[in-house]
Every structure is written in structure tokens, then in C-alpha cells.
Amino acid sequence: MDRHQMHRINLSGADLMLLRAGLRAYLRTFEAHAAEDDYDSHNHEQVAALRKTVGELIWRLEEADAPPGARIEHSDEAIAPSNED
């Protein structure tokens, strides 16, 4: 399976909100877990990589939830996706 292959899915606004909230909670929990043991279990690079991956997904979910032409105010966790993949 090509992990960069795009897929289409139908989600409600409530679904998108729930997914974003779950991703934010996952990110906070992972960061706290790593900091808890002074980054012995997950080093700073792993935390940064997860923050980037999750942040880009949150960005895309926020974009998907906006009406056409709307000015989007992205959350603090959202990171503009890079085109490096």
C-alpha cells in the first residue's frame, strides 16, 4: 500500500471536531509522557516528528471543515503541511 495515496471519506462537522479533539489530546498526552522521564522513552526528535505529523493532520481537518471561501483561523497545534513527502 502506498502510504501517500489519497483517499476520500465523508465526515460530518461533528466527526471532524471529534477527530481534532482526539488528536490534540493524543499530542498532549504523548508530549507529557516523553517529558515525564526526561525524554528517555521518546527523544526530542521523536516528539517533534509526531508534533509535525499530527499538526499537519489537524491543519487539513480544519481546512476540510471550513465553508468555501472562509478565512480559516487555525489552532495553535495546526501546522501547515509541507510538500516534502
Side-chain angles (χ1 to χ4, degrees):
M1 177 173 81
D2 178 5
R3 67 183 203 101
H4 298 290
Q5 180 182 351
M6 299 302 289
H7 300 275
R8 297 207 176 268
I9 182 173
N10 293 320
L11 298 168
S12 70
D15 294 336
L16 293 169
M17 186 170 51
L18 182 60
L19 286 169
R20 290 191 310 267
L23 286 168
R24 285 187 193 100
Y26 173 65
L27 184 57
R28 282 192 304 272
T29 300
F30 189 89
E31 289 174 330
H33 165 68
E36 203 171 67
D37 65 359
D38 201 27
Y39 300 92
D40 283 340
S41 59
H42 305 284
N43 62 40
H44 291 281
E45 291 79 21
Q46 289 173 314
V47 174
L50 181 77
R51 187 178 299 125
K52 181 180 183 303
T53 299
V54 171
E56 288 178 353
L57 182 52
I58 290 171
W59 181 285
R60 291 195 312 270
L61 290 170
E62 289 172 351
E63 293 275 325
D65 198 25
R71 181 182 172 280
I72 301 168
E73 183 79 27
H74 287 284
S75 64
D76 292 340
E77 300 87 359
I79 297 174
S82 64
N83 295 323
E84 298 171 3
D85 293 331

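Bear in mind the structure is a predicted one, so any value in this text is a computation, not a measurement.
- The side chain to side chain contact (heavy atoms under 4.5 Å, CB included) search around Leu23 returns Val54, Leu57, Ile58, Leu61, not counting sequence neighbours.
- Scanning for side chain to side chain contact (heavy atoms under 4.5 Å, CB included) contacts around Asp2 gives His4, Gln5, with sequence neighbours left out.
- Under the side chain to side chain contact (heavy atoms under 4.5 Å, CB included) criterion, Asp40 pairs with Asp37, sequence neighbours left out.
- Residues Asp65 and Gly13 share a closest heavy-atom pair of OD1-CA, 3.7 Å.
- Judged as a salt bridge (Lys or Arg N to Asp or Glu O under 4.0 Å), and not counting sequence neighbours, Glu63 has no contacts.
- Every residue meeting the side chain to side chain donor-acceptor pair (under 3.5 Å) condition with Glu73, not counting sequence neighbours, appears here in chain and number order: Arg71.
- Shown here are the salt bridge (Lys or Arg N to Asp or Glu O under 4.0 Å) partners of Arg51, two or more places apart in sequence or in another chain: Glu31.
- Smallest separation of non-hydrogen atoms from Lys52 and Glu56: NZ-OE2, 2.6 Å.
- Every residue was checked against the side chain to side chain contact (heavy atoms under 4.5 Å, CB included) condition with Ala49, not counting sequence neighbours, and none meets it.
- Looking at residues two or more places apart in sequence or on another chain, you find no ring-ring contact (aromatic ring centres under 6.0 Å, His included) involving Tyr26.
- Listed by chain and residue number, Glu62, Glu77 satisfy the salt bridge (Lys or Arg N to Asp or Glu O under 4.0 Å) test with Arg24 (two or more places apart in sequence, or in another chain).
- Scanning all heavy atoms of the two residues, the minimum distance from Gln46 to Phe30 falls at O-CE2, 4.5 Å.
- Closest of all the heavy-atom pairs between Ala34 and Ser41 is CA-OG, 4.3 Å.
- Not counting sequence neighbours, the partners of Asp15 by the side chain to side chain donor-acceptor pair (under 3.5 Å) test are Ser12.
- In this structure, Ile79 stands alone, with no Ile, Leu, Val, Met, Phe, Trp or Tyr side-chain heavy atom under 4.5 Å from its own, directly or through other members.
- Listed by first and then second residue, the ring-ring contact (aromatic ring centres under 6.0 Å, His included) pairs that reach into residues 46-78 are Trp59-His74, sequence neighbours excluded.
- In this structure, the side chains of His42 and Leu50 stay at 4.5 Å or more apart for every pair of heavy atoms.
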